[in-house]
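Numbering of residues begins at 1 and proceeds along the displayed sequence.
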Amino acid sequence: MMGPRQVAQGALFYEFSIEEFVPGDHPLRGIDLFLDLSDVRPLLAPSYSSRGRPSIDPELMIRMLLLGYCQGIRSERRLSEEVHVNLTYRWFCRLDLTEPVPDHSTFSKNRHGLFRESGLFRHLFETVLQRCIDEGLVGGESFGVDASLIPANANQTRGIDSKEGLPPDLTTRGVEEYLETLDGEFMNAMCSSE
């Protein structure tokens with residue numbers, strides 16, 4: 001005997017906790033455990049005006065960008081859509097069911113403007129690096145550079161056949177040029193951590 005047809009009827013009130021729908025072993029729980037963005041607001045406070053409509057919480061923006069990087073969501077439009085429908089993503093971003101998700105255009109405006117001008121990304125990088133040092137995940141003895149080669153059809157006249165590999169002097173020169181472009185503060189932070 002066939003059961004009755006399911007018809008969705010919205011209840012007038014729901015008792016609902018997003019926390020209960022996030023699996024205990026979800027990787028975002030581990031990231032959230034160590035993610036402290038409490039100093040983002042004071043760092044950006046001088047950049048915001050006291051007049052006009054309220055801005056989007058910068059901590060929410062950083063959480064969403066981090067979520068996009070961790071989950072491999074490269075499109076900001078898609079990121080906004082995913083956070084809108086995924087309960088775990090909403091939990092990670094500290095959004096309840098009724099709060100709107102920021103429009104995708106907000107990310108590029110802030111990433112290329114406010115966040116870059118304020119030095120927020122540098123601050124976040126240094127904070128994460130210090131946390132890794134404090135947790136014993138990073139030492140100051142050595143570092144590595146990943147120079148993985150991915151075949152591309154970019155410039156076939158100047159390419160090197162991947163079967164032959166790169167000449168040792170070319171890879172050494174590439175690493176040296178890369179290190180020269182790094183900011184001295186980052187190198188000092190990495191080397192003086194021990």
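Smallest separation of non-hydrogen atoms from Cys93 and Leu60: O-CD1, 3.4 Å. The shortest non-hydrogen separation linking Glu59 to Val40 is N-CG1, 4.4 Å. Between Phe21 and Pro23, the shortest heavy-atom distance links the atoms O-CD, 3.4 Å.
In the hydrophobic cluster analysis, where Ile, Leu, Val, Met, Phe, Trp and Tyr join through side-chain heavy atoms closer than 4.5 angstrom, Leu87 is grouped apart from Val85. Tracing side-chain contacts under 4.5 Å through hydrophobic residues (I, L, V, M, F, W, Y), one reaches Tyr89 starting from Leu97; they form part of the same cluster.
Side-chain contact between Met64 and Ser80: present, with at least one pair of heavy atoms (C-beta onward) separated by less than 4.5 Å. Counting heavy atoms from C-beta on, the side chains of Pro102 and Val83 never come closer than 4.5 Å. Between Asp57 and Arg41, the closest side-chain pair of non-hydrogen atoms falls below 4.5 Å. Inter-residue side-chain proximity for Leu28 and Gln71 is flagged as met; some heavy-atom pair is nearer than 4.5 Å. No side-chain heavy atom of Leu67 sits less than 4.5 Å from a side-chain heavy atom of Glu82.
In His26, the NE2 atom is crowded: over 12 heavy atoms of neighbouring residues, nucleotides or ligands sit closer than 6.0 Å.
A search for side-chain hydrogen bond (donor to acceptor under 3.5 Å, both in side chains) contacts involving Ser105 returns Asp103, not counting sequence neighbours. Evaluation of the side chain to side chain contact (heavy atoms under 4.5 Å, CB included) rule for Asp96 yields Thr98, Glu99 as partners, not counting sequence neighbours. Evaluation of the salt bridge (charged side-chain N to carboxylate O under 4.0 Å, His left out) rule for Arg77 yields no partner, not counting sequence neighbours. Residues satisfying the side chain to side chain contact (heavy atoms under 4.5 Å, CB included) test with Asp32, not counting sequence neighbours, are Arg63, Trp91, Phe92, Arg94. When the side chain to side chain contact (heavy atoms under 4.5 Å, CB included) test is applied to Ser38, the partners found at least two apart in sequence or on another chain are Asp36. Legend: residues meeting ring pair (Phe, Tyr, Trp, His ring centres under 6.0 Å) with Tyr69, ordered by chain and number and at least two apart, are absent.
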Quiz item: Which is it for Arg90 and His84 under the side-chain contact (heavy atoms from CB on, under 4.5 Å) test, yes or no, and what are the steps along the way?
Solution: CA-CA 7 Å; Arg90 277 187 171 273; His84 179 72; 3.5 Å; yes
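A distance of 13.0 Å separates CE of Met61 from CG of Leu37, quoted to the nearest 0.5 Å. Distance check, rounded to the nearest 0.5 Å: CG of Leu79 to CG of Leu65 gives 7.0 Å. The CD atom of Glu126 sits 10.5 Å away from the CD1 atom of Ile133 when rounded to the nearest 0.5 Å.
Under 4.0 Å is where a charged nitrogen must lie from a carboxylate oxygen, and between Arg29 and Glu19 at least one such pair does.
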